[in-house]
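Worksheet: the structure to be examined is printed underneath.
Every chain is numbered from 1 and lettered A, B, ... according to where its sequence line falls, protein lines coming before strand lines. Just so it is clear, the structure is predicted and the values come from calculations on it, not from any experiment.
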Amino acid sequence: MCEIEWKMNFIEELKWRGLLYDMIPGTEQYLLENKARGYIGFDPTAPSLGIGNLVQIICLMHFQRAGHTPVAVVGGATGMIGDPSGKSAERNLLDEEELRFNEARVKEQLARFLDFDAGSNSAILVNNYDWFKDISLLHFLRDIGKHLTVSYMMAKDSVKSRLESGLSYTEFSYQLLQAFDFLHLYTQIDCRLQMGGSDQWGNLTSGVELIRRKTGGQAFAVTTPLVTKSDGTKFGKTESGNIYLSPGLTSPYKFYQFWLNVSDEDAVKFIRIFTFLSREEIESLGAEHAGRPHLRILQKKLAEEVTVMVHGREAYEKAVKASQILFGKSSTEELQALSEKELLEVFEGVPRHEVSRSELEAGIPVLDFLSEKTGILPSKSEARRLVQSGGLQINKVRITDIRHMVTTGSLLRGRYLLVQRGKKNYHLVMAV
RNA sequence: GGGGAGAUACCGAAGCGGUCAAACGGGGCAGACUGUAAAUCUGUUGGCUUAGCCUUCGUAGGUUCGAAUCCUGCUCUCCCCA
């Protein structure tokens, strides 16, 4: 996957990409002088990592490209506790079954991004449950808890900010668990660096501190900035929810569209963060984009790079094709020309609905079709409004008459109807 | 424990006996413009068999020809005093 480019300056790389927020003094020098091991933890709080986690994954990838050994830690143990960092309220615990399920999914995903066959700096993937499961509470308190004081732990932002609103002993202890992870990796595999998002600073330094007090050794930490959007809304979420890396939760098409729709301002920033393009390539793309912004060169390249990295070239190409059909000035004829297979591919991930073929043969009034028959809209009033405002298209034909009848005559491939609500919302209705 | 204020549609907030499906703002949805952008402009935003009808203003009752508006009980929230 990547040649060892020993001596490439990892920290320098993070800096120009806008991926460096803070680090412990001496980190850069340590990384220049040593072939290091560095880790990032991922708690399996959802059945898939989201694009918020992508920054951390990319960080590990850069780390590996710089010739170091990346260590990905799945938080099978820490996920049971819940990290209070960046959270304003106590969270509900995941039940264990769910956690183990998520853990397996997250593990599979992480494995896809790292190179486990890179010789001396092959990636390492571990689960902290493996070293936590056999530790008894008494030993943990004696061996670990003794080294950090309550006042030290209370000084962390993640704790301080929660003293008013409430923080359970469980979440309070989280930093101790994470610190122990670091200590464990430090002593077992000489891993001296931990990376993470800027909200993790407190947890990372707890680990560094624990290592220093317990072993007298020096460990390092690097944080990446929180990715923000220029309009102030939260990165990684859309109206329809989180953007996940798993194709089952966020289709490659939606994933591709997410990046394609990034604003100009964000595209400039994101292309440095989320792609591995060189500085020269990015600068030239930026200049090209500035000259002809309407072509959205940056967004297209960004969407291509990230989609290919996460879902593969083939899925990317399908997403592009689907986008062309959905957003191009495609007509009914072009839709008719698609084979059933292509049709299903293009509309993979688009909500599907079923409608009875016999009723369709008799003809269904559009309003009933949109509301009670398919559930695309919750009420007939809404269906009426949509049609009257001109926002409805069936098979790319705009329907404006509320008395319109939907019949089998308009089925694509004898089975499908493409219902479009507004510009971006598609539904595939199948006659059954 | 005592005193006061309040609960209105997705959110904020007017309304204080009929003209209220309920002003206004935000948000949402749609249209125009555009680059599948931003900004802007327009329409729309309880349901239905839609020039009409039905159900909504914390909740349960009551007064009245008629209630979001008046009265009573209940629930919850906020403020002040102890």
Along RNA chain B (nearest heavy atom to each residue), the more 5'-positioned of A:Gly391 and A:His294:
A:Gly391

Can you check whether A:Val419 reaches A:Tyr426 side chain to side chain, under 4.5 Å on heavy atoms?
no

A:Pro293, nearest nucleotide to its side chain (from B:A30, B:U36, B:G35):
B:G35

Work out how far the C1' atom of B:G62 is from that of B:A67, and round it to whole angstrom.
12 Å

Could you check how far NZ of A:Lys321 sits from C1' of B:U36, rounded to whole Å?
19 Å

For A:Tyr21, look at atom OH and say whether over 12 heavy atoms of other residues, nucleotides or ligands are found less than 6.0 Å away.
no

Heavy atoms within less than 4.0 Å of RNA chain B: which residues of residues 261-269 of chain A have one? Give them sorted by number.
A:Asn261, A:Asp264

Taking CZ from A:Phe258 and C1' from B:A37, how many angstroms apart are they, rounded to a whole number?
14 Å

Among A:Ile40, A:Asn121, A:Val222, A:Leu31, find the one that has a side chain to side chain contact (heavy atoms under 4.5 Å, CB included) with A:Phe63.
A:Leu31

Taking B:G31, B:U36, B:G35 as options, the one with an atom nearest any side-chain atom of A:Gln257 is B:U36

Checking base pairs now: Watson-Crick or wobble, both atom distances under 3.5 Å. What partners B:G52?
B:C48

Rounded interatomic separation in angstrom, taking CG from A:Leu260 and P from B:A38
13 Å

Between B:U75 and B:A60, how far apart are the two P atoms, rounded to whole Å?
15 Å

May I ask you to check if A:Arg105 and A:Phe101 form a cation-pi contact, with NZ or CZ under 6.0 angstrom from the six-membered ring centre and within 45° of the axis?
yes

Whether A:Arg100 engages the ring of A:Tyr129 as a cation-pi pair (distance to the six-membered ring centre under 6.0 angstrom, angle to the ring normal within 45°) should be assessed.
yes

Tell me the interatomic distance from A:Arg403, atom CZ, to B:U50, atom C1', rounded to whole angstroms.
13 Å

Can you tell me how far C1' of B:G35 sits from NZ of A:Lys423, to the nearest Å?
12 Å

Set out, line by line, the N/O atom pairs under 3.5 Å between protein and nucleotides 45-49 of chain B.
unit_1, atom_1, unit_2, atom_2, d
B:G47, OP1, A:Ser379, OG, 2.9
B:G47, OP2, A:Arg385, NH2, 3.4
B:C48, OP1, A:Lys380, N, 2.7
B:C48, OP2, A:Lys380, N, 3.3
B:C48, OP2, A:Ser381, N, 2.5
B:C48, OP2, A:Ser381, OG, 2.5
B:U49, OP1, A:Lys380, NZ, 2.5

Between the side chains of A:Lys156 and A:Thr205, does any donor sit under 3.5 Å from an acceptor?
yes

Proximity of A:Phe180 and A:Phe132 rings by center, below 6.0 Å
yes

Using the C1' atom as the reference point in each nucleotide, state the distance between B:A68 and B:G17 in Å, no decimals.
11 Å

Is it the case that the ring center of A:His62 lies less than 6.0 angstrom away from the ring center of A:Phe10?
no

For atom CZ of A:Arg296 and atom P of B:A38, their distance in whole Å
10 Å

Rounded to whole Å, the CG-C1' distance (A:Leu377 to B:A30) equals 11 Å

Rounded interatomic separation in angstrom, taking CG from A:Leu298 and P from B:G35:
17 Å

Could you tell me how far B:U72 sits from B:G25 if I compare only their P atoms? Round to whole Å.
36 Å

Show your working on side chain to side chain contact (heavy atoms under 4.5 Å, CB included) between A:Leu137 and A:Leu141 and close with a plain yes or no.
CA-CA 6 Å; A:Leu137 174 64; A:Leu141 292 177; 4.0 Å; yes

Assess the side chains of A:Ser381 and A:Ser379: does a donor N or O sit below 3.5 Å from an acceptor N or O?
no

Run the salt bridge (charged side-chain N to carboxylate O under 4.0 Å, His left out) check on A:Lys301 and A:Glu281 step by step: do they pass?
CA-CA 11 Å; A:Lys301 192 64 181 171; A:Glu281 283 174 284; 5.8 Å; no

Counterpart base for B:C33, defined by Watson-Crick or G-U wobble contacts under 3.5 Å
none

Base partner of B:U72, which must satisfy Watson-Crick or wobble distances under 3.5 Å:
B:A60

Are the aromatic ring centres of A:Tyr416 and A:Phe347 under 6.0 angstrom apart?
no

Sub-3.5 Å pairs of nitrogen or oxygen atoms, protein against nucleotides 51-57 of chain B:
none

A:Asp117, CG: over 12 other non-hydrogen atoms inside 6.0 angstrom:
no

Checking all strands, does A:Gln388 fall into the base, sugar-phosphate, or nothing category for heavy-atom contacts under 4.0 angstrom?
nothing

